[in-house]
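This one's a predicted model, so the numbers in the text were calculated from it and none came from an experiment. Here is how names work: the chains are called A, B, and so on, in the same order as the sequence lines, proteins then strands, and each is numbered from 1.
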There are 2 protein chains.
Amino acid sequence: MNGKLEDKRARIVDSADRLFYQQGYRQTSFTDIARETRLPRGNFYYYFPSKDAILAAVVAARLTAIQHMLNEWERSASDPRQRIDRFLQMLRTAAGELSRFGCPLGTLAQELGKAGAAPPLPIYQLFEPFRGWLTRQFEAMGSAGAADEQAMHVLVRAQGATQMSHIYGRPSILEHELDRLSEWLDGL
Amino acid sequence: MNGKLEDKRARIVDSADRLFYQQGYRQTSFTDIARETRLPRGNFYYYFPSKDAILAAVVAARLTAIQHMLNEWERSASDPRQRIDRFLQMLRTAAGELSRFGCPLGTLAQELGKAGAAPPLPIYQLFEPFRGWLTRQFEAMGSAGAADEQAMHVLVRAQGATQMSHIYGRPSILEHELDRLSEWLDGL
DNA sequence: GTCTATAATGTGATAGAC
DNA sequence: GTCTATCACATTATAGAC
């Protein structure tokens, strides 16, 4: 049902997602999205009421994609330590792209966090699925420190490593920091 | 010499610096700078040839400010471990502002790193003074690992802690992570 | 040197033909 | 449903009066 319409909506969200990631939200114009999606500029207002609405759809799509990823990790391993390793492996696999364009969540959050921008939802909610999932893994591990602080610590180091790797344009920075993070986890 | 002219140039750079930090470079218009500095919009082109030139001046000003800060830390302590502590103390003192607006270097680097932006200089050079200085401190400490990797590790954790603290709007995240970083340094 | 008026361009958004 | 033409506005930048 609604095949064509939903189809084009999805195409728009898909292209916008990629462009927002690589160029930033504000820097990406309807002309850019039109070029990528081969749709006339004026037509976007048939599918979405505003540019902000496209952003909201992109954010929603990312959130569901994250949920699917977390569910997959939950299924593929029963040991919490191994599950966290899935997270690190994902970052390692994406090291090249992360080094080129930064973290898709972090860069968007930073742009929308600037004064004058109107985020579609509190920006930290982009990280809440990861934070909640990591917290549950640390709880299951029964490690010494508070689980929620351990979870935030992992996010801090992953985010920092991704950003410095991006700034210096060197994937090896992220890869090396992921090794250190893995060692730290083993020492718990 | 050139009192008035250099004075206004400095006022422009000063206001632009603050606005670029709080709102982002692209989001800040000449109208914004004009309001803050009480100068007519059109006059900026007497003092600077373009908006990019203002950005370049802001970046240059930040770099010299960083150098002065590093020199001060170098003077105020002879023990390298204590010098690194000066760095951490600076972050702790600024935790409120960092939590509100993010890292002035990191957010600018991220914005200028997006495709289509023309940075006044390779963005990683904003971090090079800190990285070089930290590397020299770790060399003086003669710790186990490679000094340059230790330096990058500190930058990674400081940057990540600042960004997550900013995203969640909670200074305590940065403060807590600075405690952990301090403990890690003590364990070297 | 200082200011105002305005050009040139690109943006998000709308109206209306087909 | 799809497309084109165009609006209203903000932006950087320029020209020229005083």
Tell me which pairs pass side chain to side chain donor-acceptor pair (under 3.5 Å) where either residue lies in residues 47-58 of chain B, with sequence neighbours left out. B/Tyr25-B/Asp52
Would you list the pairs meeting salt bridge (charged side-chain N to carboxylate O under 4.0 Å, His left out) in which at least one residue belongs to residues 97-113 of chain B, sequence neighbours left out? none
Rounded to the nearest Å, what distance is computed from the CG atom of residue A/Leu55 to the P atom of nucleotide C/dG12? 13 Å
Distance-only check: which donor-acceptor pairs under 3.5 Å involve side-chain atoms of residues 35-42 of chain A, not counting sequence neighbours?
unit_1  : atom_1 : unit_2  : atom_2 : d
A/Arg35 : NH2    : A/Asp32 : OD1    : 2.8
A/Glu36 : OE1    : A/Ser15 : OG     : 3.2
A/Glu36 : OE1    : A/Arg18 : NH2    : 3.0

Going by side-chain contact (heavy atoms from CB on, under 4.5 Å), name the residues that satisfy it together with A/Arg83, two or more places apart in sequence or in a different chain. A/Glu74, A/Ala77, A/Trp133, A/Gln137
Heavy atoms within less than 4.0 Å of DNA chain C: which residues of residues 36-52 of chain A have one? Give them sorted by number. A/Gly42, A/Tyr45, A/Ser50, A/Lys51
Expressed in angstrom and rounded to an integer, what is the separation of B/Ile54 atom CD1 from D/dT12 atom C1'? 11 Å
Below 4.0 angstrom, which residues in residues 26-34 of chain A have at least one non-hydrogen atom near DNA chain C? A/Thr28, A/Ser29, A/Phe30, A/Thr31
With sequence neighbours left out, the residues meeting ring-ring contact (aromatic ring centres under 6.0 Å, His included) with A/Tyr46 are none
Decide, yes or no, whether a salt bridge links B/Arg131 with B/Asp148 under the criterion of side-chain N to carboxylate O below 4.0 Å. no
In residues 57-65 of chain A, what donor-acceptor pairs under 3.5 Å come from side-chain atoms, sequence neighbours left out?
unit_1  : atom_1 : unit_2   : atom_2 : d
A/Arg62 : NE     : A/Asp17  : OD1    : 3.3
A/Arg62 : NE     : A/Asp17  : OD2    : 3.4
A/Arg62 : NH1    : A/Pro104 : O      : 2.9
A/Arg62 : NH2    : A/Asp17  : O      : 3.3
A/Arg62 : NH2    : A/Asp17  : OD1    : 3.1
A/Thr64 : OG1    : A/Ala61  : O      : 3.0

Applying side-chain contact (heavy atoms from CB on, under 4.5 Å) to B/His166 and not counting sequence neighbours gives A/Gln110
Would you please indicate yes or no on a ring centroid separation below 6.0 angstrom for B/Phe30 and B/Phe48? no
Looking only at the side chains, is there a donor atom on one of A/Tyr168 and B/Glu128 sitting less than 3.5 Å from an acceptor on the other? yes
Tell me which residues in residues 12-21 of chain B lie within less than 4.0 Å of DNA chain D, going by non-hydrogen atoms. none
If I take atom CG in residue B/Asp7 and atom C1' in nucleotide C/dG1, what distance separates them, rounded to the nearest angstrom? 15 Å
Rounding to the nearest 10°, end axes of the helix from C/dG1-D/dC18 to C/dC18-D/dG1 built from five pairs each make an angle of 20°
A/Arg86 and A/Ser76: side chain donor to acceptor below 3.5 Å: yes
Give every donor-acceptor pair under 3.5 Å between a side-chain atom in residues 113-125 of chain B and any protein atom, sequence neighbours left out.
unit_1   : atom_1 : unit_2   : atom_2 : d
B/Lys114 : NZ     : A/Tyr21  : O      : 2.5
B/Lys114 : NZ     : A/Thr107 : OG1    : 3.4

Please determine if a side-chain N or O atom of A/Lys8 lies less than 4.0 Å away from the OP1 or OP2 oxygen of D/dT2. yes
Under a 3.5 Å distance rule, please check whether B/Ser182 uses its side chain to pair with a backbone N or O of B/Leu178 as donor and acceptor. no
